[in-house]
There are 2 protein chains.
Amino acid sequence: MKREKKIQNSPINVWLIEDNLAYSNTISKLINNTSGMKCLKVFSMCEDSIKNFSPEELPDVVLLDIGLPGINGIQCIGKLKQISTDIQIVILTVYDDNDKLFDALCSGASGYLLKDSSPEKIISSIKEVKMGGAPMNMLIANKVLKMFSSFKQTKSDYGLTDREREILQYIVDGLTKQQIADKIFLSFHTVNTHIKNIYNKLHVHSRSGVVTKVFKENII
Amino acid sequence: MKREKKIQNSPINVWLIEDNLAYSNTISKLINNTSGMKCLKVFSMCEDSIKNFSPEELPDVVLLDIGLPGINGIQCIGKLKQISTDIQIVILTVYDDNDKLFDALCSGASGYLLKDSSPEKIISSIKEVKMGGAPMNMLIANKVLKMFSSFKQTKSDYGLTDREREILQYIVDGLTKQQIADKIFLSFHTVNTHIKNIYNKLHVHSRSGVVTKVFKENII
DNA sequence: TAATCAATCGCACGAATGTGGTATAATGCT
DNA sequence: AGCATTATACCACATTCGTGCGATTGATTA
């Protein structure tokens, strides 16, 4: 009973990592003026946040500005997550380029906000990420989804036949011509011919070339 | 002036592809009872939506249930996008597994809602996607971001030295030992030795093996 | 100081590769 | 019926590869 009450009532412990003093003042005040959350620590560098922490008072949510001096802000995400995966990290930045966004998400960020976000959006994002959500600006969410569609494999085929594709797979697996011949009960010469044709179709002249092409262009 | 007014006032043209009649009735009524949007067509199969369309009356937004009979709902996304990339597709489904989600996003979906979403969420999502956003449920957004962190390369290294890594890159590029030697002004024998060491460290015995390992385990 | 490691260079040789041919039977298309 | 494609098979040969061995130099470390 007491425990339950504590969990419900304990404010969300928010840390802020941000080098712009004016902005960090604004945000920390905003948070502290909101019931249900407290901005307990403010750092201007990632290093400080990692050094100055004690295991008892881990943050629930970290608002992190990437692109500030000192070590790479992106790396900071990983280091914080290393301390505890329970720390939810929300990026708060002016950068909206795909590279930073992608790197931040890959490193384990749970949210991504641009600095032009409204105070209401920032507050709701803190609540949302605490509840297991992934707050983002509309623009950011759109970029994230577009990244997926850019993953879409073009599946080049180069007009390979089924047999050629089969043998190509064995080449990628590292088998020699003789091993391939044995495996699919063909003559060494037949395998040799197929490989010749594969090389012609893919315009390569070596095993390394063909394997690299297979992976880079998602053949097979 | 007149044009501007038309753009502002023309309702969002929404299509619904959904085989559950009760649910599709509910949703289409919900949309038609909301000012600013109209549900002009309802299909129970993807095929119908692709056949029965005329270039003049393209939808702005399609609410698509994946996992209904007929062709794969995922493929439907691609086909609709092929007709026009301006069509914004929002998935509306009961499935929340990573595979369906991933495939849908890769195929070009601009939003992903679960069927337990509130009517308000559905309406706001239609507006949001029209404005260039990417509406998702909290749970879905979280899954999407988690997918990114699962991409994170482990960067196996196998204790390769800088020189070895350099030569490994040339192998991947398809150069022969002699070509590598010429390129970095080394003796053929030195390159040979480096490659021997690389093979030992990576536990491979052929060029195909080493290249495959490089790509599968993100070495270099 | 001794030891270890990385980078360099060398030789030898069997195994495998890449490439130039040619040829036959089966299948499908038009 | 004729043509194209595919899969099959063979030969030959120069090139390249993989791997066994050993050796010297310089830098770093114990």
Side-chain angles (χ1 to χ4, degrees), chain A residues 71 75 153-220, chain B residues 71 75 153-220:
Chain A
I71 61 163
Q75 294 174 305
Q153 328 280 25
T154 38
K155 270 281 180 192
S156 338
D157 70 336
Y158 291 93
L160 292 181
T161 67
D162 288 348
R163 199 50 146 175
E164 285 163 355
R165 208 169 281 113
E166 182 186 7
I167 289 176
L168 180 51
Q169 179 63 60
Y170 288 127
I171 291 179
V172 171
D173 291 343
L175 301 196
T176 66
K177 295 175 183 179
Q178 190 57 61
Q179 287 172 326
I180 297 173
D182 294 345
K183 175 150 273 182
I184 55 182
F185 307 107
L186 283 181
S187 154
F188 169 87
H189 302 289
T190 307
V191 174
N192 197 29
T193 303
H194 282 307
I195 292 179
K196 272 190 286 190
N197 294 334
I198 293 171
Y199 280 19
N200 280 329
K201 288 183 180 177
L202 300 197
H203 311 116
V204 296
H205 306 278
S206 69
R207 269 169 149 58
S208 12
V210 82
V211 176
T212 299
K213 195 145 194 166
V214 162
F215 281 101
K216 284 198 175 163
E217 305 191 15
N218 265 92
I219 305 165
I220 309 186
Chain B
I71 61 163
Q75 295 173 304
Q153 329 278 26
T154 40
K155 268 282 181 193
S156 338
D157 70 337
Y158 291 94
L160 292 181
T161 67
D162 289 346
R163 200 50 148 176
E164 285 163 354
R165 222 182 307 280
E166 181 186 8
I167 289 176
L168 180 51
Q169 179 62 61
Y170 288 127
I171 291 180
V172 170
D173 291 342
L175 301 196
T176 67
K177 295 173 181 179
Q178 191 57 60
Q179 287 171 327
I180 296 173
D182 293 345
K183 175 151 274 184
I184 56 182
F185 306 108
L186 282 182
S187 154
F188 169 86
H189 303 288
T190 306
V191 174
N192 197 29
T193 302
H194 282 307
I195 292 179
K196 273 190 283 190
N197 294 333
I198 293 170
Y199 280 20
N200 280 330
K201 288 183 180 177
L202 300 198
H203 311 115
V204 296
H205 305 279
S206 69
R207 270 169 149 59
S208 11
V210 83
V211 177
T212 298
K213 196 146 194 166
V214 162
F215 280 101
K216 284 198 175 163
E217 306 190 15
N218 265 93
I219 306 164
I220 309 186

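Just so it is clear: chains get the letters A, B, ... in the order the sequence lines come, proteins before strands, and each one is counted from 1. Reckoned from all heavy atoms, side chains included, excluding hydrogens, waters and symmetry mates.
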Query raised in the report: For A:Lys201 and D:dT5, what is the distance between atoms NZ and C1' respectively, to the nearest whole Å?
Result: 9 Å
Query raised in the report: Roughly how far apart are B:Leu202 CG and B:Ile219 CD1, rounded to 0.5 Å?
Result: 5.0 Å
Query raised in the report: D:dG18, C:dT8, D:dT6: which one has an atom nearest the side-chain heavy atoms of B:Thr193?
Result: C:dT8
Query raised in the report: Atom NE2 of B:His194 and atom CG of B:Asn192: how far apart are they, to the nearest 0.5 Å?
Result: 10.5 Å
Requested in this report: Indicate yes or no: at least one non-hydrogen side-chain atom of B:Asp162 is less than 4.5 angstrom from one of B:Glu166.
Outcome: no
Query raised in the report: NA contact type, A:Ile195, heavy-atom cut-off 4.0 Å: base, sugar-phosphate, or nothing?
Result: nothing
Requested in this report: Determine: side-chain N/O of B:Arg207 to OP1/OP2 of D:dG18, distance under 4.0 Å, yes or no.
Outcome: yes
Requested in this report: Scan B:Thr176 against the nucleic acid and name what it touches under 4.0 Å (heavy atoms): base, sugar-phosphate only, or nothing.
Outcome: sugar-phosphate
Requested in this report: Using a heavy-atom cut-off of under 4.0 Å over every strand shown, decide if B:Asn197 touches base, sugar-phosphate, or nothing.
Outcome: nothing
Query raised in the report: Taking atom P of C:dT19 as reference, at what distance in whole Å does atom NE2 of A:His194 sit?
Result: 17 Å
Query raised in the report: Given C:dG10, D:dT19, D:dC10, which nucleotide is nearest the side-chain atoms of B:Ser187?
Result: C:dG10
Report task. Ignoring backbone atoms, establish whether B:Thr161 has a side-chain N or O less than 4.0 Å from OP1 or OP2 of C:dA7. Result -> yes
Report task. Send over the distance from A:Ile180 CD1 to D:dA7 C1', rounded to a whole Å. Result -> 16 Å
Query raised in the report: Name the one of B:Asp157, B:Thr161, B:Leu168 that satisfies side-chain contact (heavy atoms from CB on, under 4.5 Å) with B:Lys201?
Result: B:Thr161
Report task. Would you kindly give the CD1-to-P distance between B:Ile198 and C:dA6, to the nearest whole Å? Result -> 13 Å
Query raised in the report: Over how many whole Å does the gap from A:Gln178 atom CD to D:dA9 atom P extend?
Result: 12 Å
Requested in this report: Look at all strands and tell whether A:Thr190 reaches a base, only sugar-phosphate, or nothing, counting heavy atoms closer than 4.0 Å.
Outcome: base
Requested in this report: Would you please test B:Tyr170 and B:Val191 for side chain to side chain contact (heavy atoms under 4.5 Å, CB included) and show each step?
Outcome: CA-CA 11 Å; B:Tyr170 288 127; B:Val191 174; over 6 Å; no
Query raised in the report: Taking CZ from B:Phe185 and P from C:dC9, how many angstroms apart are they, rounded to a whole number?
Result: 12 Å
Report task. Give the rounded distance in Å between these two atoms: NE2 of B:His189 and P of C:dC9. Result -> 10 Å
Query raised in the report: Is there a donor-acceptor contact under 3.5 Å from the side chain of A:Thr212 to the main chain of B:Asp173?
Result: no
Query - Whole angstrom value for the distance that separates P of C:dA16 from CD1 of A:Ile171 - result: 15 Å
Query raised in the report: Within the structure shown, what part of the strands sits under 4.0 Å from A:His205 by heavy-atom distance: base, sugar-phosphate, or nothing?
Result: sugar-phosphate
Query - Presence of B:Tyr199 side-chain N/O under 4.0 Å of D:dT19 phosphate oxygens OP1/OP2 - result: no
Query raised in the report: When only distance counts, do a donor and an acceptor, one from the side chain of A:Asn192 and one from the base of C:dT19, lie under 3.5 Å apart?
Result: yes
Query - Minimum-distance nucleotide (side-chain atoms of A:Lys196 versus C:dG18, C:dT19, D:dA9) - result: C:dT19
Query raised in the report: B:Leu186 or A:Phe188: which one's nearest nucleotide on DNA chain C is closer to the 5' end?
Result: B:Leu186
